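To start, the structure under review is shown below, and the notes come after it.
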Number of protein chains: 2
Amino acid sequence: MRKKLDQEQANYIIDVCASANLRTVSGSLTQLYNHLLKPTGLKITQYYMLGNIYTSPDISISKLGEMMLLDQTTVTRNLNILNDSGYVQIKRAKQDSRTKVVTITELGYDKLNEATPIWAQVQEQIEGSIGKAEYMDLLKKLKALQKAIDEFKS
Amino acid sequence: MRKKLDQEQANYIIDVCASANLRTVSGSLTQLYNHLLKPTGLKITQYYMLGNIYTSPDISISKLGEMMLLDQTTVTRNLNILNDSGYVQIKRAKQDSRTKVVTITELGYDKLNEATPIWAQVQEQIEGSIGKAEYMDLLKKLKALQKAIDEFKS
DNA sequence: TTCTATTACATGTATATACATGTAATAGAA
DNA sequence: TTCTATTACATGTATATACATGTAATAGAA
């Protein structure tokens, strides 16, 4: 018979929970980025998706989802917003008309260039503040954590 | 005159971006938790909020938001869902009728106890997989990053 | 005491996200 | 070649989240 949770244990959970710690920091950073990116009209998620599309021209919706670790339905919806702004072009693939291929437009590429200095400013501030080596180690640990999660899922 | 972004630079950004790395890992872990918590009907965010309410009885909506680093309006909405499930009780404070105070219910406490073993299972798996000491160091770095973000915001 | 500023919460709106499921098209078995 | 299974994307629905703004109540100045 497991004992019921007392407040001390609950405080411990709140403190060490991987999910909560990641979500909180991630949320704060997203908020900071979105605030600074406001003049561009882009959100950080949109900036990131545009970047991925730029580096992988004519990528399919599913592939984009695999690359970004997002559900296909999420990609579909986020792409629609970028499409409405004219930042991407979405058309059916010639060989397989189920598949759609996505490409960044001139306008989207301009936006990407407009937002990049803002991205860099925050990134540099972060790396400077916690230290370049420390930051690289953080990234390494995040990737290890990602691997641990993937293992658990499989 | 700044040079335009080439694909190599874009790949670099995608790879090192703090926001993207955090969001991706955070999202994967949230997904894993929500999958495993499905039998309980709780989401990991709801579990976490319930835990915070349990450790701070009669907390106000704003204070809860400060504690969890969430916007007040987000707390209001997330609380409504917990309230509809009967997991929390929300009533006006006696001294100040603008303020509302939130408390966990018996039912909510039972849910918290039901979900905690699942939380623990994943947490242990993570700590075991990347190593306890490594995990603690990751937490430390996340908190350092949080501080860096807070500094930037102020 | 009265009026104004501030505080605490709610609502409108938009994006981000995933799951369950639907639809259309291709692939592959018979 | 025909039928069925699979694949690729879309849609319905729900939660999570924040910003702009509204409303009601208190605090504080005059």
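Within every chain, numbering begins at 1; the chains are lettered A, B, ... in the order of the sequence lines, protein sequences first and strands thereafter. This one's a predicted model, so the numbers in the text were calculated from it and none came from an experiment.
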Between [N] atom [atom2] and [X] atom [atom1], what is the distance in whole Å?
X: A:Ile59; N: D:dC9; atom1: CD1; atom2: C1'; value: 15 Å
X: B:Leu79; N: C:dC9; atom1: CG; atom2: C1'; value: 11 Å
X: A:His35; N: C:dA14; atom1: NE2; atom2: C1'; value: 18 Å
X: A:Leu64; N: D:dC9; atom1: CG; atom2: C1'; value: 13 Å
X: A:Asp71; N: D:dC9; atom1: CG; atom2: P; value: 12 Å
X: B:Leu50; N: D:dA16; atom1: CG; atom2: C1'; value: 15 Å
X: B:Leu82; N: D:dT17; atom1: CG; atom2: P; value: 11 Å
X: A:Leu42; N: C:dA14; atom1: CG; atom2: C1'; value: 15 Å

Compare the minimum distances between each of [options] and the side chain of [X], then state the nucleotide with the smallest one.
X: B:Arg98; options: C:dC19, D:dT26, C:dC9; result: D:dT26
X: B:Ile61; options: D:dA16, C:dC9, C:dA18; result: C:dC9
X: A:Lys43; options: D:dT17, D:dC9, C:dT15; result: C:dT15

Quick one: is [N] close enough that its OP1 or OP2 comes under 4.0 Å of any side-chain N or O from [X]?
X: A:Gln72; N: C:dT17; value: no
X: A:Lys38; N: D:dA20; value: yes
X: A:Ser97; N: C:dA24; value: no
X: A:Thr74; N: C:dA18; value: yes
X: B:Thr45; N: D:dA16; value: yes
X: A:Gln31; N: D:dC19; value: yes
X: B:Asn78; N: D:dT15; value: no

**Item:** Atom NZ of A:Lys140 with >12 non-hydrogen neighbours under 6.0 angstrom
**Value:**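 Open: at most 12 neighbouring heavy atoms sit under 6.0 Å from NZ of A:Lys140.
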**Prompt:** Looking at B:Leu112 and B:Gly51, what are the two nearest heavy atoms and their distance?
**Reply:**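 Between these two residues, the closest heavy atoms are CD1-N, 3.7 Å.
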**Request:** Write down the atom of B:Trp119, the atom of A:Val16, and the distance for their closest heavy-atom approach.
**Result:**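 So the minimum-distance heavy-atom pair works out to CH2-CG2, 4.0 Å.
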**Prompt:** Under a 4.0 Å N-O cut-off, is there an ion pair linking A:Lys4 with B:Asp110?
**Reply:**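 Counted as a salt bridge, because a side-chain N and a carboxylate O are separated by less than 4.0 Å.
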[X] side chain vs [Y] backbone, donor-acceptor pair below 3.5 Å:
X: A:Tyr48; Y: A:Lys43; value: no
X: B:Tyr47; Y: B:Lys111; value: no
X: A:Gln72; Y: A:Gly65; value: no

**Asked** When you match A:Thr99 and B:Val75 each to their closest nucleotide on DNA chain D, which lands nearer the 5' end?
**Response**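 Upstream on the strand: A:Thr99.
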**Request:** On DNA chain D, check which nucleotide each of A:Thr76 and A:Arg23 is closest to and give me the residue with the more 5' one.
**Result:**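 The residue closer to the strand's 5' end, by nearest nucleotide, is A:Thr76.
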For [N], what is the paired nucleotide under Watson-Crick or G-U wobble rules, both distances under 3.5 Å?
N: D:dG28; value: C:dC3
N: D:dA10; value: C:dT21
N: D:dT15; value: C:dA16

**Message:** When you measure only distances, ignoring hydrogens and angles, does the side chain of B:Ser62 come within 3.5 Å of the base of C:dC9 through a donor and an acceptor?
**Reply:**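 No, no donor-acceptor pair under 3.5 Å.
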**Message:** Between the base of C:dC19 and the side chain of A:Thr73, is one N or O donor paired with an acceptor at under 3.5 angstrom?
**Reply:**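 Side chain to base: pair present.
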**Asked** If you pin B:Arg77 and A:Met49 to their nearest nucleotides in DNA chain C, which one's is more 5'?
**Response**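 Closer to the 5' end of DNA chain C: B:Arg77.
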**Request:** For B:Ile90 and for A:Gln95, find the nucleotide of DNA chain C with the closest heavy atom, then tell me which residue's nucleotide is more 5'.
**Result:**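 Its nearest nucleotide being more 5', the pick is B:Ile90.
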**Request:** May I ask you to say what A:Ser60 touches in the nucleic acid, namely base, sugar-phosphate or nothing, with a heavy-atom cut-off under 4.0 Å?
**Result:**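 Here A:Ser60 touches the backbone only, sparing every base.
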